[in-house]
Amino acid sequence: MSELWNDLVTCLTLSPGGSDTAIEGRNLSLPYHRVFGGQVLGQVVRAAGTAVSDKAIKSVHVVFVREGRTDEPIRYRVHRHHAGRSFATVSVVAEQSGGVVATASVSLHAEEHGPHRQTVDPVPALLSAEHKVQWNLLPWEIRATVDLDDLGSAPPEFEFWMRTPDVAPDLAPALLAYATDLTLIGTALLPLEGYAQTGNGTAFVSAVTSHTLWFHRPFRTDDWLLLRQHSPLLAHARAFGRGDVLTEDGTLVASYAQEAMVRIPEQGSRAQRSGGTSAAAAR
């Protein structure tokens, strides 16, 4: 297993933060000056789960307030607003000495039985190993046919397969939350010729402003998952994208949506557009 994978699993193991309502998460060791938003998403999911032990997270909505500093752990203050027989509601505030980094509203639900129905497009066959790709921030196997770093023009649709190393099932929601933060900005940029997610900081400036996940059914990340996403809108310096998560047999297990600031200057050379850091890594 890679060093980043071990680091991520460790970061998702939160520790007491010095008060009855706070727990603490360390930061990933990444070559960036800001905390990766996917780390905050994963840690928020883990923090919320500590508040209500008899229910599973149903949905989480995170608003990113300011960039996190990598040289200081993040403290998560958890407040349980309600815990009934079926549903519970929790809020989480992520903060550092400089102020609030993110806020989150989380809903939890006890397991219930009822009818099952879903209406989604069929899942294609799992891509073969020749379609393996490597993304610096995802320390597990990824397969895709579309290159998000291509400077050409394409529809704002993107899907990829992912499978983590063997891991405890209780980490699955946090790991998936982490993964969903990476590629929606790149998906929104696909129709713009000459722009790609690697141009953040040179051709454009981007930062995620809010992110929402819904967990529909239990799943494992060490089984193959298809993340299928599209971006219907890029306007007023904001991009919006959404996606579904499906198992290899076509079961819909989660959905997600994201809004991000994407500021593209009116003029810029093609040379400028091709450099920079990952869009998802900038906050």
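Side-chain N or O atoms of Y76 include none that pairs as donor or acceptor with a backbone N or O of A48 at under 3.5 Å. Of the possible polar contacts, one joining the N27 side chain to the R69 backbone as a donor-acceptor pair under 3.5 Å is found. Between the side chain of E67 and the backbone N or O of A207, no donor-acceptor pair lies under 3.5 Å. Put simply, the side chain of D222 gets close to the backbone of V167: a donor and an acceptor are under 3.5 Å apart. Looking only at distances, no side-chain donor or acceptor of Q229 sits under 3.5 Å from a matching main-chain atom of T187. With Q39 contributing its side chain and C11 its backbone, the two residues share no donor-acceptor pair below 3.5 Å. R238 places no side-chain N or O within donor-acceptor distance of the main-chain N or O of T209, the cut-off being under 3.5 Å. S2 contributes a side-chain N or O that, together with a main-chain N or O of W5, makes up a donor-acceptor pair within less than 3.5 Å. No donor-acceptor distance shorter than 3.5 angstrom exists from the side chain of E112 to the backbone of S86, with no hydrogens or angles considered. Between the side chain of E72 and the main chain of Q96, no donor-acceptor pair closer than 3.5 Å is present.
Separation of atoms CD (E95) and CZ (R66) is listed at 10.5 Å; rounding is to 0.5 Å. Note that the CG atom of L227 and the CE atom of M162 stand 6.5 Å from one another [nearest 0.5 Å]. Rounding to the nearest 0.5 Å places CG of L213 at 9.5 Å from CD of Q258. Taking CD1 of I23 as the reference point, atom CZ of R46 lies at 9.0 Å (rounded to 0.5 Å). Once rounded to the nearest 0.5 Å, the distance linking CD of Q43 with CD of E24 reads 9.5 Å. Atom CG of L127 sits about 8.5 Å away from atom CG of L226, to the nearest 0.5 Å.
Between the side chains of S255 and D244, at least one donor-acceptor pair of N or O atoms lies under 3.5 Å. Between S210 and H61, the side chains place no donor N or O within less than 3.5 Å of an acceptor N or O (distance only, hydrogens not considered).
N136 CG: 12 or fewer foreign heavy atoms inside a 6.0 Å radius. In R26, the CZ atom is crowded: over 12 heavy atoms of neighbouring residues, nucleotides or ligands sit closer than 6.0 Å.
Applying side-chain contact (heavy atoms from CB on, under 4.5 Å) to W161 and the options E141, K132, E248, H131 leaves one that passes, E248. Residue W135 forms a ring-ring contact (aromatic ring centres under 6.0 Å, His included) with just one option from F36, F160, W140, and that option is F160. Among T221, V45, T180, the one residue that satisfies the side-chain contact (heavy atoms from CB on, under 4.5 Å) test with L175 is T221.
Note on residues 227-262: no pairs pass ring-ring contact (aromatic ring centres under 6.0 Å, His included), not counting sequence neighbours.
A continuous path of hydrophobic side-chain contacts links V44 to V9 [ILVMFWY only; heavy atoms under 4.5 Å]. Hydrophobic cluster membership is shared by L176 and L28, with clusters built from Ile, Leu, Val, Met, Phe, Trp and Tyr side chains linked at under 4.5 angstrom. No single ILVMFWY cluster, assembled from side-chain heavy atoms under 4.5 Å apart, contains both V78 and V65. In terms of hydrophobic clustering, with Ile, Leu, Val, Met, Phe, Trp and Tyr side chains grouped at heavy-atom distances under 4.5 Å, V63 and I57 are assigned to different clusters. Grouping the Ile, Leu, Val, Met, Phe, Trp and Tyr side chains by contacts below 4.5 angstrom, directly or via other members, places F158 apart from V123.
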Worksheet entry | Test log, rule side-chain contact (heavy atoms from CB on, under 4.5 Å), inputs L4 and L30 | CA-CA 9 Å; L4 178 56; L30 297 173; 3.9 Å; yes
Practice prompt. Would you sort out whether L189 and F204 count as a side-chain contact (heavy atoms from CB on, under 4.5 Å), showing the intermediate values?
Written response: CA-CA 11 Å; L189 292 172; F204 62 92; 3.4 Å; yes
Worksheet item: Which is it for F219 and V245 under the side-chain contact (heavy atoms from CB on, under 4.5 Å) test, yes or no, and what are the steps along the way?
Response: CA-CA 10 Å; F219 61 93; V245 183; 5.9 Å; no
Practice prompt. Start with the C-alpha gap between V92 and V60, add the side-chain angles, then the distance that decides, and say whether side-chain contact (heavy atoms from CB on, under 4.5 Å) holds.
Written response: CA-CA 10 Å; V92 181; V60 55; over 6 Å; no
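What you find for A104 and V62 is that their closest heavy atoms are CB-CG2, 3.8 Å. Smallest separation of non-hydrogen atoms from G25 and L14: CA-CD2, 3.6 Å. Minimum interatomic distance between P265 and A203 (heavy atoms only, all atoms of both residues): CD-O, 2.9 Å. When all heavy atoms of I74 and A94 are compared, the closest pair comes out as CG2-CB, 3.8 Å. The shortest heavy-atom contact between G241 and P232 is CA-CD, 4.3 Å. The nearest pair of heavy atoms linking F215 to A254 is CD2-CB, 4.2 Å.
Looking at N200 and I185, their side chains never come closer than 4.5 Å, going by heavy atoms from C-beta outward. Counting heavy atoms from C-beta outward, V205 and M261 have side chains that approach closer than 4.5 Å. Within the 4.5 Å cutoff, no side-chain heavy atoms of L137 are placed close to those of D181. Residues R217 and H116 form a side-chain contact, since some pair of their non-hydrogen atoms from C-beta on lies under 4.5 Å apart. With contacts defined as side-chain heavy-atom distances shorter than 4.5 Å, the pair P124/E159 qualifies. At least one side-chain heavy atom of V35 sits under 4.5 Å from a side-chain heavy atom of V40.
Listed by chain and number, the residues in a side chain to side chain contact (heavy atoms under 4.5 Å, CB included) with K58 are F87, S107, H109 (sequence neighbours excluded).
Between R220 and D166 no salt bridge is recorded (no basic side-chain N to carboxylate O distance below 4.0 Å).
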